[in-house]
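Since the structure comes first, as structure tokens, the remarks are kept for the end.
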Amino acid sequence: MNIRSLLSSDIDFALDLTMAEGWTSTRSDFEELLLFNPNGCFIAEIGSEPMGMVCSISYGPFGFVGNLIVRPEYRGEGRGFGLMESAMHYLQSRGTSVVMLDAVSKAVSLYERLGFEIVCRSLRLAGTVKPKSSPRMHQMDEKFLKQVLSLDQKLFGGDRSLFLKKSLEKHPDLSLVCEGDNELVGFMMGSRRHGHVRLAPWAVSESPGFAQEMLPAFAEKAGSTTIRLGVLENNENAVRLLEDHGFHEQSHSWRMVKGVSPDAVHLSDGIYAIGSPMRG
Ligand SMILES: CC(C)(COP(=O)(O)OP(=O)(O)OC[C@H]1O[C@@H](n2cnc3c(N)ncnc32)[C@H](O)[C@@H]1OP(=O)(O)O)[C@@H](O)C(=O)NCCC(=O)NCCS
């Protein structure tokens, strides 16, 4: 088995793999991953036939791995492990010592063999929220962008401005900010999918009161449709607020970490919706 960098010419293959798993990755997800970290994704091939992939992202001191897939007929012979090793070497070469991922239950033992430990459940929730506008909520535009990026850096802990800018370009109507008395206190970014709106990410800096106000205002922009998001179970305020709004669990995976004790992993309480399992 040969492992090489994933190129833009491999994106069709990558999409075939994700589609076969029922995952909803898009072409632009892969294009943006390659823009962000051109050498962070890998293809496994036998001869010239591609049969697996993995992607990784370095945000500097911490990073994420995702999109690990081996074609069914090639599974169970160490290829997934080999792909993971390539991603981990890449992250190490970038000085990224803390690596996180969201694992399906069946893959937990594979990641444990690589030294990952479980932090908590990573929940996928869905709900339909009663819309209500708020005078604090505004459409995100260029004039808010600098504040959004600096708030995100503070709460998320890494620079994911490329992804946020791309999301704003593609879905300006579902990109919203919340202003407190003197400054920007939160933002939400959504995208329309088949039959639902995906909210990702959602970040709030101040008291949960602002988050309470933001969700119905987002629902107003989304229209009366289901909102789906991912949130870490250890963000108790976020989970409580979402449950109060009638959100229910659709599925969950396991947030795992390597490089730091699981107890030390607590995304900021201000992250009410993750960007994606792959991007964190
Ligand atoms: C996960 C996956 C890439 C592993 O590939 P592989 O080449 O079989 O991996 P390895 O031979 O190195 O390791 C086998 C391990 O894969 C895991 N695994 C087995 N079946 C799996 C499945 N259907 N889905 C996810 N993981 C699985 C198990 O941990 C297994 O180890 P075990 O036999 O000790 O329990 C492959 O099963 C796959 O593509 N699954 C579907 C996509 C997926 O679930 N990806 C992981 C998302 S977190």
Side-chain angles (χ1 to χ4, degrees), residues 1-6 10-27 29-30 32-33 37 40-59 62-92 96 98-125 198 200 228-234 249-259 262 265 267 273-280:
M1 176 178 76
N2 177 43
I3 295 182
R4 60 166 175 83
S5 290
L6 184 151
D10 295 309
I11 292 180
D12 283 337
F13 168 72
L15 287 171
D16 284 349
L17 284 186
T18 54
M19 228 180 322
E21 294 305 320
W23 300 356
T24 54
S25 312
T26 63
R27 181 169 296 279
D29 288 337
F30 284 101
E32 288 169 22
L33 282 175
N37 276 174
C41 299
F42 298 89
I43 288 283
E45 53 190 10
I46 293 183
S48 58
E49 190 192 358
M51 34 64 57
M53 73 164 166
V54 69
C55 295
S56 64
I57 283 191
S58 167
Y59 290 111
F62 72 98
F64 287 85
V65 179
N67 287 332
L68 174 69
I69 307 178
V70 168
R71 273 175 41 192
E73 60 270 38
Y74 293 101
R75 290 178 190 168
E77 291 173 15
R79 296 190 172 101
F81 190 92
L83 276 160
M84 277 299 294
E85 281 186 319
S86 297
M88 298 303 284
H89 282 147
Y90 166 76
L91 290 172
Q92 213 171 23
T96 301
V98 175
V99 183
M100 288 175 275
L101 54 79
D102 276 10
V104 299
S105 294
K106 279 184 176 170
V108 165
S109 63
L110 166 61
Y111 298 128
E112 281 176 340
R113 280 204 296 279
L114 284 149
F116 283 84
E117 294 178 89
I118 287 178
V119 176
C120 66
R121 293 194 308 158
S122 183
L123 308 174
R124 308 282 170 269
L125 307 183
R198 180 163 164 260
R228 292 191 189 175
L229 53 79
V231 62
L232 292 191
E233 191 175 33
N234 67 6
E249 183 179 324
Q250 291 207 301
S251 64
H252 70 263
S253 50
W254 297 93
R255 174 57 56 100
M256 300 185 80
V257 69
K258 177 176 173 156
V265 180
L267 269 188
I274 62 170
S276 79
M278 173 67 241
R279 298 172 178 181

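Below, each value reflects all heavy atoms present in this structure, side chains not excepted, and no hydrogens, waters or symmetry copies. Given the structure is predicted, the values throughout are model-derived calculations rather than measurements. One-based numbering, in listed order, for ligands and for the atoms of each.
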Checklist entry - Between the main-chain N or O of Leu114 and the side-chain N or O of Lys258, is there a donor-acceptor pair closer than 3.5 Å? => result yes
Next on the checklist: If the criterion is any heavy atom closer than 4.0 Å to an atom of ligand 1, which residues make the list?
Outcome noted: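 Shell around ligand 1 (4.0 Å, heavy atoms): Glu21, Trp23, Leu68, Ile69, Val70, Arg75, Gly76, Glu77, Gly78, Arg79, Gly80, Phe81, Asp102, Ala103, Val104, Lys106, Ala107, Ser109, Leu110, Tyr111, Arg113.
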Checklist entry - Under the side-chain contact (heavy atoms from CB on, under 4.5 Å) test, which residues partner Ala14, sequence neighbours left out? => result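 For Ala14 the side-chain contact (heavy atoms from CB on, under 4.5 Å) partners, ignoring immediate neighbours, are Leu6, Phe30, Met53.
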Checklist entry - Who pairs with Tyr90 by ring pair (Phe, Tyr, Trp, His ring centres under 6.0 Å), at least two apart in sequence or on another chain? => result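 In terms of ring pair (Phe, Tyr, Trp, His ring centres under 6.0 Å), with neighbours along the sequence ignored, Tyr90 is linked to no residue.
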Next on the checklist: Whether Glu249 and Arg124 form a salt bridge (side-chain N of Lys/Arg under 4.0 Å from carboxylate O of Asp/Glu) is what I want to check.
Outcome noted: no
Next on the checklist: Taking the basic N atoms (NZ, or NE/NH1/NH2) and the acidic carboxylate oxygens, is any pair closer than 4.0 Å for Asp102 and Arg121?
Outcome noted: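 No salt bridge links Asp102 with Arg121.
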Item to check | side chain to side chain donor-acceptor pair (under 3.5 Å): pairs with one or both residues in residues 104-119, sequence neighbours excluded | outcome: Ser105-Trp254
